[in-house]
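Just so it is clear, the values below take in all heavy atoms, side chains as well, and ignore hydrogens, waters and symmetry mates.
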Amino acid sequence: MFSFLLSGMMSFIISGVATLRAVGLVAQLPLFWVTAWPISWSVSFPTVLVIAPLAGRFAGALVKPAAAGGRHG
């Protein structure tokens, strides 16, 4: 569910920015945006499902694990 919601929100924002840059601030912008968003989401959701575990492993390799029972910060 997390990946579904995250990809939906991110694709909504990014498709809005991309649409604004492509067509400018025109009266039809909301229509163009809401028609572009489902296409963006259909690409972003499967991408998140594949990339998130890889990104998690990569981040884990970059970050020193916390000591068991240790304090964070």
Side-chain angles (χ1 to χ4, degrees):
M1 182 55 72
F2 175 79
S3 296
F4 180 76
L5 294 173
L6 177 65
S7 65
M9 288 184 251
M10 290 295 295
S11 63
F12 182 75
I13 293 165
I14 298 302
S15 66
V17 171
T19 303
L20 177 62
R21 288 198 32 97
V23 301
L25 195 53
V26 296
Q28 300 89 350
L29 178 64
L31 176 63
F32 294 149
W33 185 357
V34 298
T35 57
W37 178 41
I39 298 165
S40 298
W41 199 355
S42 71
V43 172
S44 66
F45 180 52
T47 302
V48 166
L49 292 176
V50 172
I51 297 298
L54 300 173
R57 282 190 222 113
F58 185 64
L62 293 175
V63 177
K64 179 181 171 185
R71 292 173 46 119
H72 292 63

Inset, instruction - May I ask whether Leu49 and Leu5 are part of the same hydrophobic cluster, defined by side-chain heavy atoms of I, L, V, M, F, W, Y residues being less than 4.5 angstrom apart, directly or through others? - result: yes
Legend entry - Contact summary for Val23 and Val26, nearest pair of heavy atoms: O-CG1, 3.4 Å
Inset, instruction - Of all the heavy-atom pairs spanning Ala27 and Pro30, show the shortest one and how long it is. - result: O-CD, 3.4 Å
Inset, instruction - Just say parallel, tilted or perpendicular for the rings of Trp41 and Phe4, cut-offs at 30° and 60°. - result: tilted
Inset, instruction - Tell me whether Met1 is reachable from Phe12 by hopping between hydrophobic residues (I, L, V, M, F, W, Y) whose side-chain heavy atoms are closer than 4.5 Å. - result: yes
Legend entry - Co-members of the apolar cluster containing Leu6 [side chain, <4.5 Å]: Phe2, Met10
Legend entry - Non-hydrogen atoms of Thr19 and Ala36 that approach each other most closely: OG1-CB, 3.9 Å
Inset, instruction - Give the cluster check for Phe45 versus Ile51: same hydrophobic cluster or not, with ILVMFWY residues linked at side-chain heavy-atom distances below 4.5 Å. - result: no
Legend entry - Atom of Ser11, atom of Trp37 and distance for their closest heavy-atom approach: OG-NE1, 3.0 Å
Legend entry - Within residues 26-36 or reaching into it, pairs that qualify as side-chain hydrogen bond (donor to acceptor under 3.5 Å, both in side chains) - sequence neighbours excluded: Ser15-Trp33
